[in-house]
Asker: 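My questions will all concern the structure given below.
No hydrogens, no waters, no symmetry mates; every other heavy atom, side chains included, goes into these values. The sequence lines fix the lettering, A, B, ..., with proteins before strands; numbering per chain opens at 1.
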2 protein chains.
Amino acid sequence: MVTMKDVAKAAGVSTATVSAVLAGTSYVSPALKARVEVAVAELGYAPNSMARSLKTGQSNLVGLIVPDITNPFFTAFVDRVQAEMARNSYAVLLGISDNDTAREAGLLGLMRSHLAAGTILCPAGEAERYAALEKNLGGMKLVLADNAAPHGASDTVIIDNRGAALLAARHLISNGHKRIAAMLGPRHRHNSAERWNGFRAAMEEAGLALPDAYVLHGAFREDEAHTEAATLLGRDPLPTAIFVANNLMLIGVMKAVAERRLRVPDDISIVSIDDFAWASAFQPALTVVRQPITAMADAAVMRVIARIQGDQSPPQSLVLPPELLVRGSTRSLHR
Amino acid sequence: MVTMKDVAKAAGVSTATVSAVLAGTSYVSPALKARVEVAVAELGYAPNSMARSLKTGQSNLVGLIVPDITNPFFTAFVDRVQAEMARNSYAVLLGISDNDTAREAGLLGLMRSHLAAGTILCPAGEAERYAALEKNLGGMKLVLADNAAPHGASDTVIIDNRGAALLAARHLISNGHKRIAAMLGPRHRHNSAERWNGFRAAMEEAGLALPDAYVLHGAFREDEAHTEAATLLGRDPLPTAIFVANNLMLIGVMKAVAERRLRVPDDISIVSIDDFAWASAFQPALTVVRQPITAMADAAVMRVIARIQGDQSPPQSLVLPPELLVRGSTRSLHR
DNA sequence: GGAACATGGTAACGATGAAGGACGTGGCGA
DNA sequence: TCGCCACGTCCTTCATCGTTACCATGTTCC
């Protein structure tokens, strides 16, 4: 590896001078500056960020941990976080917890080991776990996004999950639907629980029944949603609409719908949380509640950078509003 | 930050002993070992990977650069690479080039700066560029994946893009299609050019015409594909089938098809390269050529790790075979 | 008494930055 | 006018970050 020492020798100066030229921290005469620059170019020198971080005690690394990157929601989130971090000259160390809290803790340790200045974590587990994790960070700033309770020692950036479900359910109800089924996520996750709360609240305020057979719980995964929905769609009476709590489960539900040869929205209306590319290419285009992913990512990045730069204010909780996009997969039962 | 020195002081031993306990490099008596472990736990000590890397000259960081993570192909690739790297105790530094070769070069420098032992790069540009980049790596191992010419100084892992297009086109041709349009990617990218070659070869071997109006070029992006396809579908005579070169462009094509109220596959057959979750949930399920993403990721990881571990063999080129998945979006014109 | 074993001291790794040295210039008094 | 000192400019020397690996040292037991 070519080091600063090599450059210094080639240019006939000291390493301190090379450092000064590269960092621009102090005045170096044009002549020497040029010699150093030539030597850098000739030797193909690149600074060793590790050594620099070790010495300066700060790094331009930021961790990003998501449960499942194949979920388009997280894909978009990662994409945006990466872009914003790059814009602020931070590099992103990516971790995928695979919905496993143990792995998640390991990844957090990894981020810390690598001296990440901060980490954006999309938690896979229950909100309570994170109080403990937050203790063992060694100065690394933590921002919780997507699935988090708005309290605790860290900044959080989430959407109004209850509101998202309310939006979706009220849309169905206002269109005259009464037999509405729900394909929900894992109960222990805060975002998922809130969606359930929102859905239930909407049904209750409309005085609609919520039979057990219509309330399905999965793990935000396609396969389970598929089998659960297949059972649901075998029941009599059939629901006139299904509320699906995330886009991965929507795939499973749509497969089950297709297998039963049900037409959307004629036989059954579908509304889901999460917008994604294929939702508008699908036939019919799918009615969804859009999460403001870009805004979430931007906010998370902003918070973690603020913390890294020394912001000492009390933990902030940002709750972003979702938005209903009415497309073709829901229909009105009023004639 | 709590360092080894703090742990050593708390346990009443030297830093050398702490290091020995943690690394397990030499014998330490159970008593001391226990004291050290208690101190580590109490202080919440975590080793500083930077200092370790600096000292040992090796790191457990590996770079991964993709052009666009919102493309499900790369999403799946990143997912698998991350998982395999984690299994081999490497951490992944993620870079997204956004199809910009300048940014790509910058990211490569970033990986190098951070002492990444190796980097898996999915190039955004022409194959020729990379000969120059390979020179300036400072010992970092490079593996090229997805879009690369099978030669040069680095290992490459790609699929048989020509074969993939052949597979798709022959499928259409053998089903009696004669007026076949193609929605192709950027000409300067090797994988894209090969798909075009394969498509053209299949058409030529069948003696079919390839009118200019049926050959569309985009940038592997949805929006362009949408407008291009919209124009195409306004022509007379209409093609009976469209070959689409990647899944992002497929979204645009399907939107255009829907806008024209064409039925798939009755009015028009569609075959695309890349399988992805919604392809089988779509109505009708989409016929695609599947790229062996998992195998690609595994091979790329294997190659880069082998190089990191000192493999000096000449550059290897792995070309993986694609697979045709016939589903419902293509129909036979033979009665 | 010496081998074997257990532990500590210490010099790096590459970069940074404070402290200080070499050199040149200018001001001022004799 | 000349000499000396003070000062500013430009660069180098050196200690340091947290860790590891080698070698030295101390202890124990046969």
Side-chain angles (χ1 to χ4, degrees), chain A residues 1-37 39-40 43-61 109-117 138-140, chain B residues 1-37 39-40 43-61 109-117 138-140:
Chain A
M1 181 194 291
V2 32
T3 74
M4 207 157 186
K5 209 183 267 177
D6 302 322
V7 175
K9 194 182 294 175
V13 299
S14 73
T15 60
T17 305
V18 178
S19 175
V21 171
L22 264 47
T25 46
S26 75
Y27 183 87
V28 178
S29 67
L32 276 201
K33 201 166 181 170
R35 289 219 316 264
V36 168
E37 277 159 0
V40 165
L43 298 175
Y45 167 80
N48 182 331
S49 307
M50 309 241 143
R52 170 182 289 157
S53 293
L54 179 60
K55 178 68 178 122
T56 62
Q58 40 189 260
S59 88
N60 68 147
L61 268 186
L110 181 86
M111 303 305 172
R112 180 187 164 187
S113 263
H114 282 277
L115 292 197
M140 181 173 73
Chain B
M1 181 194 292
V2 32
T3 74
M4 208 159 195
K5 212 182 262 179
D6 302 321
V7 174
K9 194 181 293 176
V13 298
S14 74
T15 59
T17 305
V18 177
S19 175
V21 170
L22 264 46
T25 47
S26 74
Y27 182 88
V28 177
S29 68
L32 277 200
K33 200 166 181 172
R35 288 216 320 261
V36 168
E37 276 159 1
V40 165
L43 298 176
Y45 166 81
N48 181 331
S49 308
M50 309 243 143
R52 170 181 288 159
S53 293
L54 179 59
K55 179 63 182 148
T56 62
Q58 40 189 260
S59 89
N60 67 147
L61 269 186
L110 181 86
M111 303 305 170
R112 179 187 166 186
S113 265
H114 281 279
L115 291 198
M140 183 173 72

Asker: Just N and O in the side chain of A/Ser29: are any of them under 4.0 Å from OP1 or OP2 of D/dC11?
Answerer: yes

Asker: Set out, line by line, the N/O atom pairs under 3.5 Å between protein and nucleotides 15-19 of chain D.
Answerer:
residue, atom, partner, partner atom, Å
D/dT16, O2, A/Lys55, NZ, 3.1
D/dG18, N2, B/Ala51, O, 3.4
D/dT19, OP1, B/Tyr45, OH, 2.5
D/dT19, OP1, B/Asn48, N, 3.0
D/dT19, OP2, B/Met4, N, 2.5

Asker: Any chance you could lay out the side-chain contact (heavy atoms from CB on, under 4.5 Å) test for B/Leu115 and B/Leu61, step after step, and finish with the verdict?
Answerer: CA-CA 7 Å; B/Leu115 291 198; B/Leu61 269 186; over 6 Å; no

Asker: Output the rounded distance in Å from NZ (B/Lys33) to C1' (C/dG8).
Answerer: 18 Å

Asker: Let me have DNA chain C in dot-bracket notation, would you? Count Watson-Crick plus G-U wobble pairs, both distances under 3.5 Å, and use [ ] for pairs crossing earlier ones and | for inter-strand partners.
Answerer: ||||||||||||||||||||||||||||||

Asker: When the distance from NZ of A/Lys9 to P of D/dC11 is rounded to whole Å, what number comes out?
Answerer: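 Rounding to the nearest Å, NZ of A/Lys9 and P of D/dC11 are 20 Å apart.
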
Asker: Between the protein and nucleotides 27-30 of chain D, are there any N/O to N/O pairs under 3.5 Å, and if so, what are the atom names and distances?
Answerer:
none

Asker: What's the shortest heavy-atom distance between A/Ala10 and A/Ala39, and which atoms?
Answerer: CB-CB, 4.0 Å

Asker: What heavy-atom pair brings B/Thr3 and B/Tyr45 nearest, and what distance separates the two atoms?
Answerer: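 Nearest heavy atoms, B/Thr3 then B/Tyr45: C-CE1, 3.5 Å.
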
Asker: Do you know which two heavy atoms are closest between B/Val28 and B/Lys33, and how far apart they sit?
Answerer: CG1-N, 3.9 Å

Asker: Return the value, rounded to whole Å, for the distance between atom OH of A/Tyr27 and atom P of C/dA18.
Answerer: 20 Å

Asker: Just so I know, are the side chains of A/Val7 and A/Leu22 near enough to count as touching, which here means a heavy-atom distance under 4.5 Å?
Answerer: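 The answer is no; the side chains never approach within 4.5 Å.
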
Asker: How many angstroms lie between atom CE of B/Met50 and atom NE2 of B/His114, to the nearest 0.5 angstrom?
Answerer: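 Output value for this atom pair is 7.0 Å.
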
Asker: Which distance, rounded to the nearest 0.5 Å, do you find between the CG of A/Leu32 and the CZ of A/Arg35?
Answerer: 5.0 Å

Asker: Is there side-chain contact between A/Ser14 and A/Thr17, with heavy atoms separated by less than 4.5 Å?
Answerer: yes

Asker: If you round to the nearest 0.5 Å, how far is CG of B/Leu54 from CZ of A/Arg52?
Answerer: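 Going from the CZ atom of A/Arg52 to the CG atom of B/Leu54 covers 13.0 Å.
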
Asker: Select base, sugar-phosphate, or nothing to describe what A/Val18 touches, counting heavy atoms under 4.0 Å on all strands.
Answerer: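 Nothing, no heavy atom under 4.0 Å.
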
Asker: Got a donor-acceptor contact below 3.5 angstrom from the A/Ser53 side chain to the A/Gln58 backbone?
Answerer: yes

Asker: So, B/Thr15 side chain and B/Ala8 main chain: donor-acceptor pair closer than 3.5 Å or not?
Answerer: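 Checked: no pair found.
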
Asker: Side-chain N or O of A/Thr17 versus OP1/OP2 of D/dT12: is the shortest distance under 4.0 Å?
Answerer: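 Yes, such a contact exists.
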
